[in-house]
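Encoded as structure tokens, the structure appears first; notes follow it.
Lettering follows sequence order; numbering is per chain, from 1. Computed from a predicted model, the values in this text were never measured in an experiment.
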Amino acid sequence: MKENHSKLNYASWNSILSGCFQSGQTQEALNLLSEMQDSGFKPNQITLTSVLTACTNSESLRGGKEIHGYIFRHCFLNDTTVLTALIFMYAKCGKLKFSQKAFEMMHTRDTIAWNTMIMANSMHGNGEEALTLFTQMLKSSVKPNAITFTGVLSGCSHSKLVDEGLSVFNSMSKVHLIEPDAEHHSCVVDVLSRAGRLEEAYKFIQNMSIKATPSAWGALLGGCRVYKNVDLARIVAKKLFEIEPNNPGNYVSLSNILVNAKLWGEASETRKAMRDKGMKKEPGCSWVQVKNKVHTFVVGDKRNEHSDDIYKFLSDMSDKMRQAGYLPDTEFVLQDLDGEEKEDTLCNHSEKLAVAFGIMNLKGESEITVFKNLRICGDCHNAIKFMAKIVGVRIVVRDSLRFHHFRDGFCSCKDFW
DNA sequence: ATAGGGTTAG
């Protein structure tokens, strides 16, 4: 049924569109977008920003590029809001270089524009660049706000810039008259934890002027995992079970730390406690876009029609990787299996399947981008470094936290994840 | 009159 939209104006068109996009009804929104144009309304700044945000959230680089073209053709390149949305879309789709280009051509940069560019660098592991941008922002007399500091601090934690992070944190109230909130405190815990300064992080949490949130304790637990501190992990996890009783992630983290320390019994007790409370670990899932279609993979997935080829590819790759010095890290297999079985279970992780499928469908491109809902597994992180070198491509993986850029045997996170 | 861009640890 064709509806009569003759009474609609710009504001109502944009309201409906943005409502559809925000509630995830993307197809409905796209249909409305073309109806809007048929009724003689050209998308304006607000329409474009709202469509770009939808592209950002669905990681639709293809859609975002189309809008970029439209923006270019229709001279919207001087609109700060539209360009900010464009910068964020490229960053979230793994194309930081394009974000930088868009940022460079901005005429006016407000606080949100700077914040977006700082956060884009932070999530791609460029802590130094995030700090440089922050300095430039201050020089250009744009006032930072609370979100600016969250962005800068998370850049510091991802790049192991401890002194810089602490100094930025201390400058907040002293220089910028912004009181650090719970999130900023959590960032500091993360800065210290990721640098291995676990005791300091623990003391910081205990002496904080505000009550530590689950994110602060969670950052510390993450540090305990990286630096294999079982004793502190038990204390921190106990705290998390109290203040965040319904989050299965905390049980999974503690269990992983215990498995890593070969404390199988205690690990399975932890997982049992999780199950007894009716909680389930979120399944790991990776996806990759090939020719405008999103292909998803879970562990051991055989649903893909080229599944046999994918496993064959990984098996051949595995031989080449071993010749290049790759050693499967069976610590990342959580069941108590014997050696050979463990290696088998490593080869079918969702991120390896998605990366393999991406490489098999390169079609002359030199870069693939894979997304994962959870954190990338340690063995996969290592394996993908080898794959990037052997195949001679750039592999970008966005896990639940950030982007990893693999190239020539190395990852942009410098193995600090 | 109604509408648009930026947060966190697993």
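Note on ring orientation: taking the six-membered ring where Trp is involved, the planes of A/Phe371 and A/Trp287 are parallel (angle under 30°, cut-offs 30° and 60°). Relative ring orientation between A/Tyr251 and A/Phe241 is described as parallel, the plane-to-plane angle staying below 30° on a 0-90° scale split at 30° and 60°. Below 30°, between 30° and 60°, or above 60°: for A/His405 and A/Phe403 the angle between ring planes is between 30° and 60°, a tilted geometry.
Side-chain proximity of A/Ser157 to the nucleotides B/dT2, B/dG4, B/dA9 is greatest for B/dA9. In this structure, the nucleotide among B/dA9, B/dT2, B/dG5 sitting nearest to the side chain of A/Ile112 is B/dG5. Nearest nucleotide to the A/Ser50 side chain, out of B/dT2, B/dG4, B/dT7: B/dG4. Checking B/dG4, B/dT7, B/dA9 against every side-chain atom of A/Thr81, the shortest atom distance belongs to B/dG4. Which of B/dA3, B/dT7, B/dA9 sits closest to the side chain of A/Thr150 comes down to B/dT7. For A/Ala85, the listed nucleotide lying nearest its side chain is B/dG5; candidates were B/dG5, B/dG4, B/dT2.
In terms of polar N and O atoms assigned as donor or acceptor, the side chain of A/Thr84 comes within less than 3.5 Å of the base of B/dG5 in a complementary pairing. Judged by distance alone, with hydrogens and angles left aside, A/Asn14 brings no side-chain donor or acceptor close enough to the base of B/dT2 to form a pair under 3.5 Å. Contact of A/Asp110 with B/dG5 (side chain to base): a donor-acceptor pair of N or O atoms is detected under 3.5 Å.
Summarising the geometry, the separation between CG on A/Asn44 and P on B/dG5 is reported as 13 Å, rounded to the nearest angstrom. With rounding to whole Å, A/Leu33 atom CG is found 15 Å from B/dG4 atom P. Between A/Asp181 atom CG and B/dT7 atom C1' the separation is 9 Å, expressed in whole Å. For the pair A/Asp190 CG and B/dT7 P, the interatomic distance rounds to 17 Å; values are reported in whole Å. The nearest whole Å value for the distance from the CG atom in A/Asp79 to the P atom in B/dG4 is 14 Å. Atom CG of A/Asn145 and atom P of B/dT7 are 12 Å apart (whole Å). Going from atom CD1 of A/Ile71 over to atom P of B/dG5 covers 13 Å, rounded to whole Å. Taking atom CD1 of A/Ile16 as the reference point, atom P of B/dA3 lies 12 Å away to the nearest angstrom.
OP1 or OP2 of B/dG4 lies within a sub-4.0 Å distance of a side-chain N or O belonging to A/Ser18. Regarding contacts with the backbone of B/dG4, a side-chain N or O of A/Gln22 is found under 4.0 angstrom from either OP1 or OP2.
Salt-bridge check for A/Lys352 with A/Asp379: passed, with a basic side-chain N closer than 4.0 Å to an acidic carboxylate O.
Contact annotation for A/Arg194: backbone-only contact, meaning every heavy-atom pair under 4.0 Å involves sugar-phosphate atoms and none involves a base. Contact annotation for A/Thr80: base contact, defined as any heavy-atom pair under 4.0 Å involving a base atom. Counting non-hydrogen atoms under 4.0 angstrom, A/Thr116 reaches the backbone sugars and phosphates but no base. Residue A/Ala113 is classed as a base contact, given a heavy-atom separation below 4.0 Å to a base. Within 4.0 Å (heavy atoms only), A/Ser400 reaches no atom of the nucleic acid at all.
Among residues at least two apart or in separate chains, salt bridge (charged side-chain N to carboxylate O under 4.0 Å, His left out) pairs with a member in residues 189-215 of chain A are A/Asp190-A/Arg194, A/Arg197-A/Glu200.
A/Asn14 pairs with exactly one of A/Thr47, A/Thr49, A/Leu48 by the side-chain contact (heavy atoms from CB on, under 4.5 Å) rule, that one being A/Thr47.
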